[in-house]
Amino acid sequence: MRSIAILNQKGGVGKTTTAVNLSAALAATGQKILLIDLDPQAHATLHLGLHPATEQKSVYDVLTGDAMLPDVWQASGDNLHIVGSHIDLAAAEVELVGVVGREVILRDKLAAVAQDFDYVFIDCPPSLGILTLNALAAVDEVFLPLQPHFLALHGLSKLLQTIDLVSKRLNDRLKLSGVVYCMYESTTRLAAEVVSDVDQFLEATRKPSTPWADTRTFQTRIRRNIRLAEAPSFGQSIFHYAPHSNGAADYEQLAREIAAR
Ligand SMILES: Nc1ncnc2c1ncn2[C@@H]1O[C@H](COP(=O)(O)OP(=O)(O)OP(=O)(O)O)[C@@H](O)[C@H]1O
Ligand SMILES: [Mg+2]
C-alpha cells in the first residue's frame, strides 16, 4: 500500500481537488483506494457527494473514539472508499490535548487496514496542528500541491521543517515525494518563474538526510480549468462531471505518472 498525505498549510492551493480527483483517477484504473478527509471543512466528503451528518460516524470518531476505519468508511463508486469528515473534527485539536500518543492514533488504525488498499490518500487541512501531525505520522509520502503564485514559497520552509521533525521523531519513513502544480497557467511568465524558484529552494536546502532529498516535481501540471471548480457543487469527481475536460485529462495523466513511480 502506498500512503500519501496531500499537504500544504496554505489554503486554497488545490489539495482537496487533487486528493479527490487523483483518488477517482486511480480507482478507475482498478486500484483500490481509500481517501481520508482529515479537514473539518469536509470539502473532500462533500466533493464526492456525501453529506456530513451528525449521526453519521466520521474521522472524528476514529481520532477521538473507539471507531476503526471500516466502521466509518463509505463506498463511493468502484474501488473507492472515503472516510468522511465533519465540522466536529475542529474540536479534536482541543479534545486530544493530554491524550498520550495523540499523534499516532491514525497511524495505528490505518495499519489495521493496510492490506485492503493499493493507495491511501489523506486530504489535510490548511494547518500544521494535531490533525496534520496524525497524517504525517501515518503515511510514507507527502505530495505538496502548489499554486504558481508569487507567495508560493511563503511558508515552505516551515512546512519542510515540520516534515523534517516528524521524520526524525515519529516516522522515519516519511518523504516529500512530489510537488504538483495546480491551477497552472502556462501562458504566464510568473508560473515558470515560481517553478524555478521552488526547484532552487528545494535544491538549496537539500541534504541526503532530509525527507526532500529525492523530491521530484511532477511533469504533469494541473491547468486552471473551470470544470474542476464546478464539480464539487455537483458532488462528483471530474470524471463524472466533465470527463472530456482538461481537468479530467490532467488528473488522469498525473495518476499515470504516479503509478509509474
Ligand atoms: N485546476 C483548477 N482550476 C480551477 N479551479 C481549481 C483548480 N483546482 C482547484 N480549484 C478550485 O480552487 C479552490 C481551492 O481548491 P481546493 O479546495 O482544492 O484547495 P485546498 O488546498 O484543498 O483548500 P483548503 O486549504 O481550503 O482545504 C476550489 O474552489 C477549487 O474548486
Ligand atoms: Mg481542502
Side-chain angles (χ1 to χ4, degrees), residues 4-25 35-50 52 58-59 82-87 89-90 92-93 121-132 134-136 142-149 151-156 158-159 162 176 178-188 190-191 194-195 198 217-255 257:
I4 300 162
I6 303 194
L7 172 64
N8 188 335
Q9 83 274 30
K10 192 185 287 298
V13 296
K15 293 181 288 296
T16 301
T17 306
T18 299
V20 167
N21 293 308
L22 201 50
S23 294
L35 171 60
I36 301 177
D37 186 352
L38 208 54
D39 186 348
Q41 298 180 99
H43 286 168
T45 308
L46 291 160
H47 196 328
L48 283 172
L50 302 177
S58 72
V59 72
I82 174 162
V83 173
S85 181
H86 187 273
I87 186 69
L89 186 60
E93 202 88 33
F121 289 102
I122 303 181
D123 184 26
C124 292
S127 65
L128 295 174
I130 194 71
L131 297 170
T132 294
N134 262 274
L136 293 178
V142 175
F143 286 176
L144 172 68
L146 287 175
Q147 197 184 342
H149 184 260
L151 286 173
L153 275 169
H154 188 86
L156 196 53
K158 177 75 186 162
L159 181 64
T162 304
L176 173 61
V179 173
V180 53
Y181 287 96
C182 297
M183 294 179 251
Y184 195 82
E185 286 171 288
S186 55
T187 51
T188 67
L190 178 66
V194 169
V195 171
V198 171
T217 299
F218 291 111
Q219 291 300 310
T220 308
R221 309 264 194 262
I222 308 300
R223 289 166 285 182
R224 188 179 281 285
N225 179 239
I226 188 68
R227 299 285 175 227
L228 286 167
E230 291 166 357
S233 48
F234 293 87
Q236 295 174 337
S237 79
I238 193 66
F239 303 101
H240 279 102
Y241 177 67
H244 303 297
S245 61
N246 284 345
D250 291 349
Y251 277 109
E252 200 180 334
Q253 193 184 322
L254 181 63
E257 207 183 330

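Whatever order the structure lists ligands and atoms in, that order sets their numbers, starting from 1.
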Any atoms of ligand 1 less than 4.0 Å from a non-hydrogen atom of [X]? List them with their elements.
X: D39; answer: 27 (O)
X: R223; answer: 1 (N), 2 (C), 3 (N)
X: P126; answer: 25 (O)
X: L228; answer: 1 (N), 2 (C), 31 (O)
X: I222; answer: 1 (N)
X: V13; answer: 19 (O), 20 (P), 21 (O)
X: G11; answer: 25 (O)

query: So, the side chain of K10 versus the backbone of L151: is there a donor-acceptor pair under 3.5 Å, distance only?
result: yes
Quiz item: Counting only N and O atoms by type, is there a donor-acceptor contact under 3.5 Å from the side chain of H47 to the main-chain atoms of Q236?
Solution: yes
For this session: Go through the side-chain N and O atoms of T220 and Y251 and say whether any donor and acceptor fall under 3.5 Å apart.
Result: no
(Q) If only side-chain N and O atoms count, and only distance matters, is there a donor-acceptor pair under 3.5 Å linking D123 with T16? (A) yes
Quick test: of every protein heavy atom, which one is nearest to [atom], and how far off is it to 0.1 Å?
atom: atom 25 (O) of ligand 1; answer: K15 NZ, 2.8 Å
atom: atom 9 (C) of ligand 1; answer: T17 OG1, 3.2 Å
atom: atom 4 (C) of ligand 1; answer: N225 O, 3.2 Å
atom: atom 23 (O) of ligand 1; answer: G12 N, 3.0 Å
atom: atom 26 (O) of ligand 1; answer: Q41 NE2, 3.2 Å
atom: atom 7 (C) of ligand 1; answer: M183 CG, 3.3 Å
atom: atom 31 (O) of ligand 1; answer: A229 CA, 3.2 Å

What are the two closest non-hydrogen atoms of [X] and [Y], and how far apart are they?
X: N225; Y: S245; answer: OD1-CB, 3.7 Å
X: K15; Y: G12; answer: NZ-N, 4.2 Å
X: T132; Y: S127; answer: OG1-O, 2.7 Å
X: P125; Y: L38; answer: CD-O, 3.4 Å
X: R227; Y: A242; answer: CD-CB, 3.7 Å

field: Protein heavy atom under 4.0 Å of atom 28 (C) of ligand 1
entry: no
Nitrogen or oxygen atoms of [X] and ligand 1 under 3.5 Å apart:
X: D123; answer: no
X: H43; answer: no
X: T18; answer: no
X: T16; answer: yes
X: G14; answer: yes

Answer yes or no as to whether an N/O/S atom of T17 is found below 2.8 Å from the Mg ion (ligand 2).
no
Distance col, row L50:CG vs T45:OG1, nearest 0.5 angstrom, shows 6.5 Å
In this structure, SG of C182 is separated from CZ of R224 (nearest 0.5 Å) by 10.5 Å
Exactly one of L159, V13, L176, L144 clears side-chain contact (heavy atoms from CB on, under 4.5 Å) with L7, and that residue is L159
Worksheet item: Can you tell if the side chain of T162 reaches within under 4.5 Å of the side chain of Q9, non-hydrogen atoms only?
Response: no
Does C182 come within less than 4.0 angstrom of ligand 1, counting non-hydrogen atoms of the residue? no
Checking heavy atoms under 4.0 Å, the part of D250 that sits near ligand 1 is neither
- prompt: In terms of ring plane angle, is the pair F234 and Y241 parallel, tilted or perpendicular, where the classes change at 30° and 60°?
  reply: parallel
